[in-house]
Amino acid sequence: REEELYVEAENKEGGWRGLQDMKVVAIKDVATDTKEFTFSNEDGKKYDFTAGQFMSVKIDPNGDGLISPRHYTITSAPGAPHLQCTVKRLPGGVVSEHLHDKVKVGDTLQVHPPFGVFTPREDSEKVVLLSAGVGITPMINFSRAFGDKVALAVHVDRNKAAAAFSFDNLKCPKTMHFNDENGGEPKLDELVNKVMSAIGDDVSTHFYVCGPPTFMDTAIAQLKAKGVTNVFSEAFGPELAR
């Protein structure tokens, strides 16, 4: 099965196998301690992948060969002539701090092709997107993929400056809860109650949940306690910044 995945990645438009050198063509500050990196070989090649998938970046800041690849959700649209990922600086994070402080436009990094199974299900007809912190990154392409199927989008973050993205492209109701402006982190049981009320307590709705482990685990437990069975998730650490 692993070999099948490698072949599939290689045969996609713009696809490849293993590590490929890619040039950093743009770096943009998108939120507090968060940068968007754009990779391209400037050859007009378009990159096909599935919404929610990630790219893996391999760098060796210490020159000792001991650093494993880091995985970042792709935030550019499928079919674009570049790949983008959004990286939050983590205190003491060897790779994230190197990317933020050392990598410049014009540098070449080694990148694995897109992979990942946190992707839209074909049978999703009514969708809620629920995220916290940097967990909003897969929701960007989910919102593009699902479009009008999204019934509600909810995101929790420290403050407006810390939020890397918004859901401005969606026509559905959306909530951005900023802890600094709303008396701290939301109580997740109350948040889930509000979400369920907003969608008419429809337990057949498909929920896509991403964020720090504590946020995600608690939200999923609350949803399942309400009778929701279609919950799809991916954990992003570390804990939601306070």
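All values below come from the heavy atoms of this structure, side chains included, with hydrogens, waters and symmetry mates left out. In this text, all values refer to a predicted model and were calculated from it rather than measured experimentally.
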Could you give all pairs that pass the ring pair (Phe, Tyr, Trp, His ring centres under 6.0 Å) test and reach residues 19-68, with sequence neighbours left out?
-> F54-H71
Test side-chain hydrogen bond (donor to acceptor under 3.5 Å, both in side chains) applied to D33 - qualifying residues, sequence neighbours left out = none
Taking only residues two or more places apart in sequence or in another chain, which ones pass side-chain hydrogen bond (donor to acceptor under 3.5 Å, both in side chains) with S166?
-> D168
K46 NZ: over 12 foreign heavy atoms closer than 6.0 Å | no
Donor-acceptor pair between E36 and T86 side chains, under 3.5 angstrom | no
Which residue pairs satisfy the ring pair (Phe, Tyr, Trp, His ring centres under 6.0 Å) criterion with at least one member in residues 95-138, sequence neighbours excluded?
-> F118-F142
Do W16 and L5 belong together in a cluster built from hydrophobic side chains that touch within less than 4.5 Å?
-> no
Heavy-atom distance under 4.5 Å between the side chains of M176 and K160, does that happen here?
-> no
Does a side-chain N-to-carboxylate-O contact under 4.0 Å join D189 and K187?
-> no
Determine whether K104 and V24 make a side-chain contact, defined as any pair of heavy atoms from C-beta on separated by less than 4.5 Å.
-> no
Under 3.5 Å: donor-acceptor pair, side chain of K149, backbone of S124 = yes
Provide the full list of salt bridge (charged side-chain N to carboxylate O under 4.0 Å, His left out) pairs with a residue in residues 190-217, sequence neighbours left out, each pair given once.
-> K126-D202
Residues D107, K102: salt bridge by 4.0 Å N-O rule = no
Does the N141 side chain pair with the main chain of S76, one donor and one acceptor, at a distance under 3.5 Å?
-> yes
Just wondering, do D21 and Q110 contact through their side chains at under 4.5 Å, heavy atoms?
-> yes
Quick one: ring pair (Phe, Tyr, Trp, His ring centres under 6.0 Å) partners of F232, sequence neighbours excluded?
-> H206, Y208
